[in-house]
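Naming: A, B, ... by sequence-line order, numbering from 1 per chain.
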Amino acid sequence: MPNAEELLRFLPEMILTLAAIFLMLWESRYDEHDERPGMPAAALIGLGLAAVASILAGAAPGSAFRNMLIVDSFATFFRLLVLAVGALAVLSASPFLRQRRAEGGEFYALLLLSLVGQSLMAASNELIMVFIGIEISSIASYVLAGYLRDDKRANESALKYFLLGSFATGFLLYGVSWIYGLTGTTNLNEIAAILGNADIAPNAMFSAVAAALMLAGLCFKVSAFPFQSWAPDVYQGAPTPVSAFLSAAPKAAAFATLLRVFFTAFEPVSDRWLPLLAAVALATMVIGNLAALWQTDVKRLLGYSSIANAGYVLVAVAAHSTLGISAVLFYLAVYAVMNFGAFAVVALLEGSELSDFHGLAKRQPVTAGLMAVFLASLIGLPLTAGFFGKFYIFKSAIDAELYWLAGLGLLTSAVAAFYYLRIIVVMYTKPVPEGRGEMAAPAASVQAALVFSAAVTIGLGVFPGWLLDWATRSSGLLR
Amino acid sequence: MLLAIALAMPFLGFLICLLAPRANPKTARAVALAAAGVALAASLGIAPEVMASPATLTQALSLNWIPYPPIHFSIGADGLSLWLVVATALLSLIAILVSGERPAQFFAWLLLLETAILGVFTAQDLFLFFVFFELTLVPCLFLMGQFGQDSGRASSTGATVKFFVYTFAGSVLMLAAITYLFLKSGTFDYQNILAQAQAGSFRLSPAEQLPLFLAFFLAFAVKTPLFPFHGWQADAYATAPSPLAIVMAGMMGKLGAYGLLRFCLPLFPSAARECAGWINGLALVAILYGGLVAIVQPNIKRLLAFSSLSHLGFIVLGIFSFHLNGLDGGAYQMVCHAITTGALFALTGFLEQRKGSAEIADFGGLATKTPWLATVFLVAVLASSGLPSLNNFVGEYLILQGAAFAGIGYAATAAIGVVLSAVYLLWMYQRTFLGARPEADTADLSGREMLAVAPLVLLMVWMGVASGSLLPPQSAVNQKILQQSKMNVEFRVAAPLPEAASGD
Amino acid sequence: MPQLTAVPLSWYLILSAILFALGIAGFVFRRNVITVFMSIELMLNAVNLSFVAFSHQLRQVDGQIYTFFVMVVAAAEAAVGLAIILTVFKNRQTLTIDEVSSLKN
Amino acid sequence: MDLIFFLLFASIAVGCGISLVVQKHPIASALSLIGVMGSLAVLYLLLGAEFIAAVQLIVYAGAIMVLFVFVIMLLNAAEEAPSRKTNWPSRLLGVPLLAVFVALLAYLFDKMSPSLGTVTFGAFTTGGKQIGRSLFNNYLLPFEVTSVLVLIAILGAIVLARKEID
Amino acid sequence: MPNQPDLQLWLIPVFPLIGAFLNGTLGRNWSKGLIAGVAIGASALSFVWVVKTLSALGQLDTAHVERYFTWIASGDLNVGFDLAVDRLSSVMLLVVTGVGTLIHVYAVGYMDHDKGFWRFFSYLNLFLFFMLILVLAQNFLLLFVGWEGVGLCSYLLIGFYFLEKYAGDAAKKAFVVNRVGDFGFSLAMLLMVVQFGSLDMTKVFTAAKAMPVEAQSGILTAIALLLVVGACGKSAQVPLYVWLPDAMAGPTPVSALIHAATMVTAGVYVVARSSEVFLKAPLAMEVVAVIGLLTAVVAALIGTAQNDIKKVFAYSTVSQLGYMFVGLGVGAFSAGIFHVVTHAFFKALLFLGAGSVIHALHGEQDLARMGGLRSKIPITYWTLMAAALAIAGVWPFAGFHSKDAILLAAHAHAPWMFWVGVVTAGLTAFYVFRAIFLCFFGEYRGHAHPHESPAIMYMPLVILALLSVAGGYLPIMDWIAPLFPEAHEAHDMTLVLISVGFGLAGILAAYYVYVLKPGTAEASAARLGGLYRAIANKFYVDEAYDAAIVHPLEQGSRAVLLHGVEQVVVEGGLKGTVAMVRGFGGLFRHLQGGNIRSYAVYALLGAVVFLGLMVAKGGSQ
């Protein structure tokens with residue numbers, strides 16, 4: 001039987017599940033179109049409790065459930081990150097859904113359950129747990145993407161996400177079966193121990209193939225080239241707050257998994273997959289940024305941007321160093337906030353076309369200003385978090401002597417400035433379109449989410465030190 | 001500490017104006033004027049201390065900013081930055097003064113721009129330098145995007161995007177190079193790196209220097225701009241609101257030239273010397289090309305843009321002459337050109353206010369109606385075309401002298417640019433102010449406008465006659481830079497130091 | 001006949017690979033959404049076979065446990081996946097995957 | 001005997017697999033899939049996985065596939081119409097890529113086979129007991145967590161399939 | 001030099017500067033009397049100060065230098081604000097301030113009706129300031145300040161009537177052509193610093209003196225030739241003379257002061273000043289002489305066919321400047337400078353007289369509409385006649401002395417130069433008297449009511465006439481000769497007679513053609529045909545410049561640079577890069593067709609590539 005300490009390490013997931021069940025039960029008290037004023041708050045409380053539990057669990061690091069889970073500072077960092085994203089998603093989604101008369105306890109429940117999966121992904125020390133974590137997160141996400149079930153685009157988005165996601169899971173699982181067959185274990189540390197021991201290690205080529213299959217699956221989850229095609233379609237079609245969530249939390253968790261699996265289990269064969277990863281990073285940056293140049297739908301554009309950003313993060317992964325890991329953590333946190341902010345602003349508008357942004361600065365100056373902050377951060381302008389995020393990433397690459405990767409990556413990030421900038425420019429220069437008057441101020445919860453995101457974006461842009469410290473303390477994967 | 005105030009005041013003003021977007025424009029301008037005024041006073045206040053020991057850095061502030069990698073908010077000034085700081089503060093003040101009734105945001109961005117430019121000139125931490133260098137883009141983005149006007153084929157939106165992406169793309173690689181320097185030296189502190197270089201503990205092989213140098217050079221060449229990286233310039237100047245154009249044309253271009261002088265020469269002496277021939281070639285092309293294209297520009301602002309291209313070519317030529325005269329001339333010309341071009345753009349702004357256009361064809365015969373405007377404009381035009389006893393002449397002469405030491409051919413070619421400057425500037429002046437075009441009544445300079453340009457005109461004369469009062473501190477730093485550019489030089493190709501070449 | 005009784009394990013693995021490939025083929029070539037989904041199930045079955053085969057090779061029970069979990073996941077996926085297919089059908093009256101392609105550049 | 005059984009059911013599995021891919025009607029495909037699953041169950045038995053073989057038939061072939069068939073019937077899915085759009089990537093790249101994929105894997109297994117043993121029926125058999133012991137000891141956490149998965153499945157189905165929001 | 005008296009040399013230029021500043025800033029609201037008082041006062045004070053300084057300095061055997069403050073200091077280069085007076089500059093100072101003051105006085109009358117009265121005098125004073133800086137400068141860079149400054153004032157004054165397009169054009173042309181000359185001057189300075197490390201005249205000349213004579217070419221020749229380029233611009237020599245005739249667009253006093261008496265002689269002054277350099281560069285000397293001769297002939301020829309009275313005198317100025325160059329080129333520096341002085345007298349007089357005529361005729365400048373004015377404006381007539389005789393080189397007028405000195409030196413140098421010179425002298429006499437005869441003899445052909453100018457205008461004329469008559473006896477050559485090497489000019493009476501004879505012949509020819517037989521001119525013009533047209537059209541030099549330089553420059557800039565390089569290469573390159581990047585992005589865009597099956601194929605492709613790479617790496621550890 002698990003002892004109390006082990007249960008504590010699993011407490012955040014339990015709290016989230018309980019909160020989800022509570023919300024589902026509460027849902028039965030409402031008619032379909034009733035307002036559900038307390039629910040976002042309840043969800044937030046659940047998230048808050050889970051966060052507290054994560055911190056408590058993080059205070060006493062260790063493994064649990066026969067080494068299935070490992071709660072270390074790395075896991076805690078990601079747990080708190082995805083919980084924060086979840087909180088932002090709740091804040092931004094509730095008015096969005098209310099406006100579409102689609103608010104429901106199920107939504108929040110699904111969101112919380114999805115977070116259970118992501119939280120597990122961050123803390124799994126076992127391939128089977130990784131797999132189940134991914135599936136929990138993914139299946140909940142599929143439903144969230146299709147949550148507005150009368151919306152054709154949302155359906156399509158959900159279908160694509162689901163089919164392609166499952167397809168990729170097949171590869172991931174195949175890779176798991178390989179590595180299991182080769183080593184007889186699925187525990188990450190044990191795999192590493194076997195692969196690292198020349199006497200008992202299987203042929204490195206087989207291990208590498210297993211790694212490649214898993215990498216293919218994980219590349220899908222982080223939307224890296226050439227497994228990125230789903231991302232723009234899904235983000236465009238899904239309800240905007242959901243897109244915001246999807247592009248931040250599951251992706252961060254997938255990176256956590258990627259780092260943990262590859263930097264522990266497959267570390268001994270890193271010389272085989274690292275060059276591949278570096279190439280993938282480059283291709284992802286190039287394709288994400290270049291394809292985004294053509295987009296006129298801002299949601300879709302942000303989808304491509306998320307691909308490009310995944311490419312940046314992969315650069316730091318390919319740096320294969322503790323510094324690189326801390327850069328990954330830092331960037332994922334920063335990206336989550338700034339990207340979420342940008343999506344949240346899109347969620348406020350009538351549509352997501354570039355033309356919907358025309359003259360936003362006149363209609364809603366504060367919102368436009370906040371959007372400008374997020375976009376500036378995505379561009380990577382100084383005094384925003386994105387700047388330091390990119391800096392740390394490319395610094396780690398230069399540190400690892402990946403000069404070409406750093407150089408080309410920086411150039412693509414300059415190209416990226418173009419499409420982000422275009423949004424800022426139309427907000428400030430174009431006249432307000434005919435028939436669009438003043439815009440109502442966003443709901444208080446959205447305002448709170450936006451202001452929080454912007455404050456973090458700027459705050460990290462001025463004082464990135466504390467987060468980097470934290471990220472550095474949480475980056476102890478490589479031995 | 002005064003320097004810190006000079007940076008802090010505009011930033012404070014920026015925050016106030018930004019956070020009170022609905023403030024009365026008059027109040028906003030008063031706030032902005034006060035902030036910029038204090039900044040100017042403070043920047044003048046540092047002069048005695050800096051001039052007392054111009055070659056060594058007068059550190060104003062060094063705060064730990066980011067623990068790892070250790071980045072410091074470290075600012076300071078020496079003889080090279082001193083006048084650039086003062087000129088920035090002055091031009092910003094003037095830009096605000098001529099701004100008229102504008103929303104609070106407008107002033108906010110102008111003040112942020114001032115802060116950023118001051119930061120570039122004073123940052124002593126390479127990373128901080130880069131931060132300020134990039135930060136200059138933000139206010140320009142908003143000022144051009146929100147307050148710019150379309151001009152001919154160029155829409156303000158397009159010009160904004162072009163300007164931003166071009167200069168941004170140019171500078172990203174510099175960040176990589178800075179990071180590399182950090183990894184090699186363990187610090188971002190510029191003085192520390194130089195000290196290490198002097199001690200021999202920090203050494204870059206020629207093979208390392210070249211890519212690093214090019215990364216820095218590209219950033220600066222785009223910002224300056226140097227031919228053929230000037231594609232953004234004319235549209236940007238033409239569409240920018242004139243207060244921005246004053247600061248942009250006056251100071252922003254100097255960021256690049258300053259960077260070349262401050263960083264490229266001491267850090268990468270071998271690569272800089274190796275590339276000097278090419279760069280001087282580009283500078284010469286810029287001088288002639290800018291001059292020739294300026295002749296046929298139908299718009300005053302565009303003409304001034306190409307004129308700037310030509311003049312900044314001089315500065316680059318001076319810097320890469322590797323002769324003290326050239327360096328001094330380059331440094332001095334940075335300030336001179338700032339003053340002169342600032343004045344020209346301010347005056348063009350006045351013209352634009354009166355006519356709603358900067359097309360030369362829309363003007364003519366103004367001199368009868370606006371004698372003062374015509375006179376001041378003429379002084380600025382003459383200064384810009386290098387009339388002796390006005391400021392630009394001193395800089396240009398020293399540059400040419402430096403270039404002559406590097407090779408008389410350089411000087412001879414560049415001197416053609418001086419001839420051309422007379423051609424395009426006077427022709428523009430003639431078409432704008434002279435002639436017998438019947439004119440509706442046009443107001444002459446108002447008191448406020450006079451107040452705005454008078455200091456510039458006085459400076460043109462002062463700097464032209466009494467360069468002895470301003471040049472020595474710059475020269476002291478330049479001597480040091482020249483010294484540094486001879487340290488630890490390993491040459492891949494046998495490139496003699498120019499001193500040896502002075503005989504031929 | 002000892003040769004007749006002992007099947008090389010690699011044959012099971014190759015069978016698993018072939019089935020996996022057939023699953024992919026179904027995904028790539030079939031146009032009916034449900035068939036595509038079934039192809040994914042085929043892929044998962046192929047993986048299961050490989051798990052069980054490895055389990056036999058290693059004389060461990062763990063491989064079979066994985067298979068068990070995969071089945072649970074497959075069941076959950078089936079529920080959600082078919083629900084999604086239902087909503088798509090309700091909105092578009094089609095099950096042809098090529099026609100569910102309005103989100104594109 | 002083992003070899004014959006293996007070959008027989010492997011052929012059935014492959015045959016049904018091919019049938020799944022080439023059949024135009026979803027019902028036919030579904031039936032083919034059931035065929036694959038059935039033959040896989042036999043192979044599981046051969047591999048000594050009795051419990052899994054049973055679950056394969058009950059859960060997979062029984063429950064899941066019934067769900068599929070049910071949905072196919074519900075939606076009255078007909079034979080695939082000939083495509084109006086040619087899908088160039090799948091047409092051009094599909095077969096070669098699959099061929100390469102299979103070839104690569106076969107090459108790898110071939111390389112691997114010396115280190116792999118052979119399968120003889122009864123050499124290694126696991127029943128429900130071992131499975132259960134393992135499941136509730138070593139794999140307690142995943143087992144518990146799958147409940148979340150099932151919860152999501154229920155929730156998801158409800159969210160997506162209930163009547164429209166108007 | 002220790003214990004030099006402090007003579008406040010700086011006051012000499014500063015007086016006019018103050019005048020210019022006062023008139024320029026406040027003059028608009030002042031009465032004309034006050035303006036004129038300030039301007040003349042400034043000029044006169046300057047003159048007085050020059051006289052006072054010179055009297056204090058006495059013999060001036062060595063230059064008197066006063067150093068004020070550092071202007072530009074960079075490394076070894078140190079350029080100060082240093083002024084100096086020596087015998088050469090003393091002559092120039094007297095001419096500039098003296099003649100300048102007279103012209104100021106004259107201008108008060110001439111400009112009486114102009115609205116820009118204050119502006120005019122401000123410019124005029126400013127000009128004096130720069131001219132004095134030019135003359136007083138102890139280093140070349142400071143000289144260059146004056147050099148460019150007078151150019152600026154010339155620009156302002158030529159463009160004084162800026163409402164007229166031709167005035168603006170002429171002003172710009174003057175400035176730009178001068179800039180071409182300045183290009184040479186600047187390069188000369190740059191080379192000086194490279195060679196001598198200084199621009200201080202004493203240092204440069206001392207160093208040059210120590211160097212050997214350069215037989216062919218060398219650094220000194222280069223410097224000298226570049227100085228010649230500068231001098232050609234300022235002193236309107238071939239091929240840069242084209243601006244001077246156009247410069248007559250300015251008010252007449254300006255033509256007299258700047259474009260006859262003072263500024264245009266700056267080139268001559270600089271060459272004389274740099275004699276140490278030139279003496280070491282015989283090639284450059286030769287070039288100077290040839291350019292001078294060519295200029296003298298060409299300008300004189302063109303002068304014979306001009307109908308605008310001021311244009312005639314303008315070409316005459318060009319021609320006379322050519323003489324001065326000849327003088328310099330053949331080594332007769334003191335003769336050249338002497339001619340500068342006498343020319344200042346009679347040419348200023350010619351212009352002021354012409355101004356008086358124009359004033360009398362209410363602005364009429366066309367010789368064809370004059371005639372018979374001898375009796376109507378007698379003072380003007382007589383003074384002009386004195387000037388004409390002086391320029392024609394008739395003994396004992398001033399021009400005779402200086403011109404003969406030059407011609408004799410030319411003969412000593414190369415006889416053919418002498419012969420060209422005397423022929424030109426004949427031509428000069430011809431066209432100057434042509435103007436005189438057309439203007440004052442015969443019947444009046446215009447419609448105005450001529451009246452004599454006021455005293456304020458004719459008093460300067462009278463003074464200048466006296467100087468033109470007697471100026472030849474001023475001991476200027478003796479005063480400055482010690483500055484230069486001994487000129488070996490034999491005083492050959494035959495040659496003197498020849499030259500005077502040519503002059504008289506020219507006068508007689510003019511008298512014949514324009515007074516005795518009016519109409520001969522037209523007939524002979526018709527006979528000469530193409531040659532005459534060429535002369536009348538100034539040998540089409542302006543047109544040639546337009547076609548060869550101005551037009552290609554402008555059109556080339558527009559067509560090749562602006563529409564070619566700028567729009568195609570620079571902007572096009574930018575657009576091309578953008579299009580390339582975007583196009584590359586477009587490739588991926590098309591892959592994203594929305595079809596799930598395609599996406600799966602890409603994923604499969606990726607997986608296969610991943611596997612393939614891993615397998616390709618091979619087995620083993």
Side-chain angles (χ1 to χ4, degrees), chain C residues 9-10 13-47 49-50 54 70 74 77-78 80-105, chain E residues 552-621:
Chain C
L9 190 83
S10 56
L13 295 177
I14 290 173
L15 174 62
S16 137
I18 291 171
L19 291 177
F20 194 83
L22 282 173
I24 299 174
F27 195 112
V28 172
F29 295 121
R30 289 269 51 90
R31 287 190 293 276
N32 187 300
V33 180
I34 300 176
T35 317
V36 168
F37 189 14
M38 287 191 291
S39 307
I40 292 172
E41 296 295 341
L42 181 56
M43 287 165 71
L44 293 182
N45 269 293
V47 174
L49 177 59
S50 128
F54 279 127
V70 172
E77 268 192 3
V80 169
L82 288 171
I84 290 174
I85 291 174
L86 273 176
T87 59
V88 171
F89 184 78
K90 261 194 258 178
N91 279 315
R92 296 185 190 241
Q93 317 302 330
T94 179
L95 285 173
T96 306
I97 202 165
D98 292 352
E99 287 173 21
V100 189
S101 59
S102 65
L103 296 169
K104 61 180 174 190
N105 279 316
Chain E
L553 201 65
E554 197 192 323
Q555 290 309 309
S557 293
R558 196 185 305 279
V560 178
L561 295 183
L562 182 61
H563 294 149
V565 179
E566 184 68 10
Q567 282 169 14
V568 175
V569 179
V570 176
E571 281 182 35
L574 193 58
K575 281 190 187 130
T577 313
V578 171
M580 209 174 68
V581 171
R582 264 177 77 91
F584 203 52
L587 277 182
F588 304 116
R589 193 177 69 114
H590 288 300
L591 295 181
Q592 190 87 9
N595 193 307
I596 300 173
R597 291 162 55 200
S598 321
Y599 296 177
V601 173
Y602 307 143
L604 176 62
L605 176 66
V608 168
V609 170
F610 278 26
L611 286 184
L613 287 174
M614 293 299 128
V615 171
K617 259 216 145 162
S620 80
Q621 289 297 335

Legend entry - Which portion of E/I596 sits near chain C, non-hydrogen atoms under 4.5 angstrom: both

Inset, instruction - Under 4.5 Å heavy-atom distance to chain E, tell me which part of C/V36 shows up: side chain, backbone, both or neither. - result: neither

Legend entry - Minimal non-hydrogen separation, C/V28 against E/R597, with atom names: O-NE, 3.0 Å

Legend entry - Residue pair C/S101 / E/G594: nearest heavy atoms and the distance that separates them: CB-O, 3.1 Å

